[in-house]
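These notes concern the structure reproduced below.
Residue numbering restarts at 1 for every chain, and letters A, B, ... go by the order of the sequence lines.
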Amino acid sequence: MDYQFKDIEQKWQQFWADNKTFKAENTTSKPKYYVLDMFPYPSGAGLHVGHPLGYIASDIFARYKRLKGFNVLHPMGYDSFGLPAEQYAIQTGQHPSVTTEANIATYRRQLDQIGFSFDWDREVRTSSPDYYKWTQWIFMQLFNSWYNKDADKAENIAKLVEHFENKGSAGINAVSDEEVLSFSAGEWKAFNLQEQQAELLKYRLTYLRESTVNWCAALGTVLANDEVKDGFSERGGYPVEQKKMMQWSMRITAYAQRLLEGLDTIDWPEPLKEMQRNWIGKSVGASVRFPLDKTTHLSQLTTNYIEVFTTRVDTIFGVSFLVIAPEHELVAEWTTPEQKADIDAYITQTKKKSELDRMADTKTVSGAFTGSYVTNPLNGAQIPVWIADYVLAGYGTGAVMAVPSGDQRDYLFAKHFNLPIIPIIDIQNIEVEADPTKEGKYINSDFINGLSYKEATAAVVAKLEELNLGKAKVNFRMRDAIFGRQRYWGEPVPVYFKGGLPYLIEEEHLPLLLPEIDKYLPTESGEPPLGRATGWKHEHGEYELSTMPGWAGSSWYWYRYMDAHNDKEFASREAIEYWKDVDLYIGGSEHATGHLLYSRFWNKFLKDIGKVVEEEPFKKLINQGMIQGRSNFVYRLIDDEGKGTNTFVSHGLIKDHKTSPLHVDVNIVENEILNLNKFKAWREDFADAEFILENGKYICGVEVEKMSKSKFNVVNPDDLISRYGADTLRMYEMFLGPLEQSKPWNTNGIEGVFKFLRKFWKLFHDADFNFNVSNEAPTKAELKSLHKIIQKVEQDIERFSFNTSVSSFMIAVNELTDLKCNKRAILQDLVITLAPYAPHISEELWTLLGNPAGSISTAAYPKFNPAYLVEDEFSYPVSFNGKMKTNVSLSLTMEAADIEAAILANADVQKYLDGKTPKKVIVVKGRIVNIVI
RNA sequence: GCUCAGAUGGUGGAACUGGUAGACACGCAGGACUUAAAAUCCUGUUCCCGUUAAAGGAGUGCGGGUUCGAUUCCCGCUCUGAGUACCA
C-alpha cells in the first residue's frame with residue numbers, strides 16, 4: 001500500500017498512549033536528561049501553526065537523546081490561571097475553571113495529533129489545587145524568610161527574631177525596607193506583638209507595603225513592570241496609570257547581584273542575557289549627602305541634607321545645582337515661601353502630563369527652583385536646589401547632583417536656566433554640549449586636580465567616607481516585584497489579617513481553596529472579586545482578597561514535573577537530587593524579563609532554604625523564533641463615485657486601476673494564486689464576483705503581519721495534519737528555516753517534505769507497494785550515503801540546526817533511490833536517524849523490518865564510521881589567484897610533494913599557466929589548490 | 001537616542017574553524033506517461049553577453065581594508081527587525 005499516513009499516525013499515537021512508551025523513571029542507571037518546553041496558557045483560540053514550533057524542536061531533541069542512551073524527562077502541562085478565562089467569565093458568567101477545562105481538552109487533542117513524546121503522567125496545571133497548594137507553600141517560605149547580606153542568602157525569619165531578642169537590631173546586615181527601626185534587645189522585647197510583626201514585615205522576602213503600582217482601571221488590577229508597554233497594558237492595550245496601593249511584593253532585589261552573576265554560568269543566547277542584565281541594571285557609584293546651606297532657613301525639617309546617587313563622584317567639583325524629582329518627599333518642606341507658587345505650578349503641570357507625553361517630550365527643558373541651597377560637602381560651595389521631571393522618583397534616591405559639563409541633560413538644563421557650567425577636566429570640550437570623558441586630568445577640582453579618573457574616584461570616595469557624608473554604593477534599576485492581583489482566577493494568598501497585619505495560615509490548611517463567587521467583578525466598594533465570597537475568613541481574621549500574579553505558578557513548575565503526584569512535598573528530595581535542573585529549555589524570548597527572571601529568583605531562594613540543589617534552573621536555553629502570519633490580499637475595484645464594486649483586480653494590474661485592498665482567507669490561496677470558485681463560495685456577497693486577471697490567473701498581494709483571525713491568515717495545524725500528516729508537519733516546520741529565527745508562515749513548500757516521506761516509504765517497498773527489503777550486503781556507495789546522514793543528523797541536532805538535517809535526509813533518500821537500495825542493513829539504521837523527526841512513519845517501518853513494536857524509541861543511534869566517507873580518488877579544484885579554473889583528478893595515496901608536481905604537470909593547468917612559473921602553490925588539506933601567478 | 005540581531009537567486013534558505021557561493025526545497029519553463037486530469041518521473045533554472053555548443057564577464061545590502069584566497073575577519077555607511085527608553 002502507498003504511504004497511508006492517517007492510519008499509521010493514529011495507530012502509533014494509540015500505541016504510545018496505551019503502552020506509556022515515554023514514561024520517564026526517577027531512578028535508572030542511565031544518565032538523566034531533562035528537556036522542557038515553556039508550558040502554554042490554554043487560550044480559547046487553540047493552537048495555530050506557530051505554537052508547536054518549539055515543541056517539535058524539543059521533541060526531536062528528546063527523542064534523539066533517548067536514542068543516545070539517556071533517561072529523558074520530557075513533560076508538558078498548562079499555565080492555566082490567567083486573565084482571558086476570567087474576562088470570559090465576566091462576560092458570560094461561565095466559571096473560569098469550566099472554560100479552562102474545555103480549552104485544555106482542545107490543546108491536548110491538538111498536541112496529541114502531532115505525536116509528541118511527552119510523559120503525560122506528569123502533567124501539571126497551575127490552577128489545580130494539588131498544584132497551587134505548593135505555590136502557596138513557597139509563598140509561605142518566602143514570607144518566613146529574610147535576606148542576610150553577610151551570609152549572602154535567605155534565612156529563616158526565626159533567626160532574625162533570635163538576633164533581635166539577643167542583640168537588638170545592631171549587627172544586622174539585611175535587605176529590607178528603607179525605614180527600619182534601631183532598637184536594643186530590651187526594646188525589642190518591650191514591643192508588643194503587633195509592633196514586632198510590623199517590624200519583621202520590613203525584612204520578609206514577601207511583604208506588604210504601600211507602593212506605587214501600575215494600575216489598569218480597565219482590567220481592574222495592578223500590573224508588573226514587564227506587563228506594561230509604553231503606558232498601556234500588554235494584554236488588551238488599556239491605559240495604565242500610577243497609583244499608590246497596599247501591595248504584596250517580592251524582594252527580588254535581594255537577589256539582584258546573584259541574578260546578574262548567574263548569567264555568566266548558563267548557556268543562554270547572549271541577547272537574552274543582555275536583556276536581563278539591562279533589566280537588573282547594575283550601576284556602580286556613590287551616594288553623597290549635600291547638607292542644607294547655612295543661608296537657607298526652613299522650618300519643620302525632617303532631614304537637613306539631600307542624598308543623591310551618582311556614578312561619577314569624580315565630577316563633584318563640577319556640581320552647579322541639585323535636581324530632585326517633583327514627587328520627591330522633601331519637595332514640600334524644602335520649598336521656600338517665596339518659591340512656593342512656582343513649585344506648585346510646576347508640580348501641577350507635570351502631574352497633568354501623561355506617561356506618554358512625558359516620554360515623547362524629552363527635548364523640552366523644564367523645572368522650578370525651590371529657593372533652597374545646599375552645600376557641596378567637599379568645597380563648601382553654595383548650590384541651588386531645583387525640581388525637574390527629568391529626574392525620576394523611582395530610581396536611586398530621586399535626586400541628582402547636576403554636573404553640566406559632564407552630563408548632557410544637566411548641560412541643557414543649565415543653559416536653559418542660566419546656571420554655571422564648570423569645566424573640570426583639562427581636555428573637556430564643552431562649547432556646544434557636555435563632554436562625559438574619563439580621560440585627561442582634573443582641573444578646578446581642589447585636592448584631585450591633576451589626578452586621573454580612577455585615582456580621583458578613589459580619593460573622593462575616601463574623603464566623603466571620612467566626612468561621613470557619602471560612600472561607595474551599587475544601585476540596581478530592578479525594582480521589587482509586585483505580587484498581588486485584584487482578580488479572581490489566580491492562587492489565593494495564604495494569609496489572613498489581624499490588627500491590620502498579615503499572618504500566614506497554618507501549613508496543614510493548605511491548599512487554601514479558591515472560593516466560589518456569584519460574579520467575577522470587583523465588589524461595589526471596589527474590593528477585588530474575592531470580597532464577594534461568603535465566609536472568606538480565618539478563625540482569627542479576614543483572608544487576603546487579592547490573588548497571586550500569573551508568574552507565581554510558572555516560577556517553579558519544572559520541579560513539579562519531577563514528582564508530579566507528591567502530596568507531602570512539592571517534589572521529593574530523591575527526585576530533585578536525581579533530575580537536578582533542566583538541561584534544555586526551549587521557549588520564546590518574550591519571557592526574558594518576566595518568567596525567566598522570576599524563575600531564576602525563586603530557584604535561588606529554594607536553593608537557599610535547602611529544597612533544591614542547583615543555583616540556576618535552566619542550564620541551556622534556546623529561543624525559538626516567532627512565526628508571523630502571512631496575509632493575502634485581493635483588490636476591489638473602486639468606481640467613479642468612490643464606491644467599492646464587486647470586481648477584483650489581480651495584484652500585477654492594480655497600478656492601472658483604483659482599488660482598495662481586502663484581506664482574503666489564506667486557505668483559499670495557493671502560491672499567491674486565488675482559487676476563484678472557493679473565493680465565490682467564501683462569502684455570500686462575493687458569489688457573483690468578477691475578476692480582472694493576468695495570464696488567466698488572479699494573483700494575490702502578500703504582507704507579513706501578526707497571525708490573527710481578523711486578518712484571515714491563521715493556519716491551523718489540524719488542517720495540515722489531515723491533508724499531509726503529522727510527520728510532514730513536523731518536518732516542514734523544521735525545514736522552514738533556523739529555529740531561532742522569526743519568520744512568516746508559508747505553507748507553499750510543504751509538498752516537498754510530503755514527497756520526501758513518500759519516497760522514503762517507497763524505499764522499503766516494490767513497485768506494487770509490497771514490503772520488500774533484501775538481506776544482501778550493502779555496497780560502498782550505499783554505506784557512504786548512510787554514514788553521511790548518520791554524521792549529519794548527529795551534528796545538526798547537537799547544534800540545533802534542524803532545518804539542514806531535513807535537507808540532508810532528502811539528499812540521502814534521493815541517493816539511495818537512485819542506487820535502488822533496499823538493503824536491510826542500510827534501511828534499519830536510516831530509519832533510526834529519521835525517527836526523532838518523523839516518529840510515526842519510522843515506527844511503522846521499524847516494525848515492518850521485524851523489530852518489536854515501540855522499540856525504536858530506545859534503539860541505539862547508529863555509530864558513525866568515517867571510513868565509509870573516504871574516497872579512493874578525488875579531484876582537486878585548482879584556482880589561479882583565487883579564481884576557480886579547473887579540476888585535477890588525483891589518487892589519495894599520493895604524497896604532498898607529488899601532488900603539487902602532478903597538479904603542475906596537468907594539461908589544463910599548463911594551459912592556464914601559459915609558460916609562466918608560478919610564484920607560489922598553496923595546497924590545503926581541504927583539497928583546495930591555489931596557484932599564485 | 002542606546003543595546004542586540006540580521007541583509008545571499010523569483011521565494012524559503014544552505015555554505016560547521018576564511019578554501020569550488022547558491023546545497024535542499026518551493027515556484028517557473030520544457031518533456032515523458034495519459035483520451036484528459038491528478039499523481040509520478042526526467043531536463044533546465046543567479047544575472048549579463050553569446051548561443052547548436054563552447055567560451056567570457058559580474059555577483060552574497062553599499063564603500064574601503066587585511067589575505068594567495070572573504071558570504072565568513074576588520075573599519076565606515078545604508079536599510080530591516082527586536083528590546084529599551086530622561087537610570088544620574
Short side-chain N/O contact from [X] to OP1 or OP2 of [N], under 4.0 Å:
{"X": "A:Gln628", "N": "B:G81", "answer": "no"}
{"X": "A:Asn803", "N": "B:G12", "answer": "no"}
{"X": "A:Arg477", "N": "B:A88", "answer": "no"}
{"X": "A:Ser801", "N": "B:C16", "answer": "no"}

Per [X] side chain, nearest of listed nucleotides [options]:
{"X": "A:Ile811", "options": "B:C24, B:C26, B:A88", "result": "B:C24"}
{"X": "A:Arg799", "options": "B:C87, B:C26, B:A15", "result": "B:A15"}
{"X": "A:Phe735", "options": "B:A14, B:A25, B:C86", "result": "B:A25"}

Practice task
Please name the residue in the list A:Thr397, A:Leu330, A:Val400, A:Val288 that meets the side-chain contact (heavy atoms from CB on, under 4.5 Å) test with A:Ile306.
Solution key: A:Leu330
Atom pairs under 3.5 Å, N or O on each side, protein against nucleotides 39-43 of chain B: can you list them with distances?
from, atom 1, to, atom 2, distance (Å)
B:A39, O3', A:Arg758, NH2, 2.9
B:U40, OP1, A:Arg758, NH2, 2.6

Under 4.0 Å between any heavy atoms, over every strand shown, what does [X] touch: base, sugar-phosphate, or nothing? Just pick one.
{"X": "A:Asp410", "value": "nothing"}
{"X": "A:Pro744", "value": "nothing"}
{"X": "A:Asn475", "value": "nothing"}
{"X": "A:Phe756", "value": "nothing"}

Each nucleotide N or O in nucleotides 66-70 of chain B that has a protein N or O under 3.5 Å away: list the pair and distance.
from, atom 1, to, atom 2, distance (Å)
B:C68, O2', A:Asn930, ND2, 3.3
B:C68, O2, A:Asn930, ND2, 2.4

Exercise for the section: Tell me the stems RNA chain B sits in, counting at least three consecutive Watson-Crick or G-U wobble pairs, each under 3.5 Å on both distances. Expected result: B:1-7 with B:78-84, B:10-12 with B:24-26, B:27-32 with B:40-45, B:46-48 with B:56-58, B:61-65 with B:73-77
Problem - Residues forming a side chain to side chain donor-acceptor pair (under 3.5 Å) with A:Ser650, sequence neighbours excluded - result: A:Glu694
Practice task
State whether the side chain of A:Lys282 and the backbone N or O of A:Ile280 hold a donor-acceptor pair below 3.5 Å, judged by distance alone.
Solution key: no
Please tabulate, one pair per line, all N/O donor-acceptor pairs under 3.5 Å involving side-chain atoms of residues 751-759 of chain A, not counting sequence neighbours.
from, atom 1, to, atom 2, distance (Å)
A:Glu751, OE2, A:Tyr724, OH, 3.1
A:Lys759, NZ, A:Asn814, OD1, 2.9

Fill in the blank from the handout: Sequence neighbours excluded, the answer for side-chain contact (heavy atoms from CB on, under 4.5 Å) partners of A:Ile430 is A:Ser405, A:Tyr411, A:Ile421, A:Pro423, A:Gln428, A:Asp435
Practice task
Check the angle between the aromatic planes of A:Tyr837 and A:Phe802 and answer parallel, tilted or perpendicular using the 30° and 60° thresholds.
Solution key: perpendicular
Fill in the blank from the handout: What one should report as the nearest heavy-atom pair of A:Ile627 and A:Trp745 is CG2-CB, 3.6 Å
Exercise for the section: Test A:Asn930 against A:Ser879 for side chain to side chain donor-acceptor pair (under 3.5 Å), laying out the working first. Expected result: CA-CA 5 Å; A:Asn930 191 25; A:Ser879 58; 3.0 Å; yes
Problem - Distance in angstrom units between A:His328 NE2 and B:A88 C1', rounded - result: 13 Å
Exercise for the section: Give a yes-or-no answer on whether the side chains of A:Asp768 and A:Asn770 include a donor-acceptor pair shorter than 3.5 Å. Expected result: no
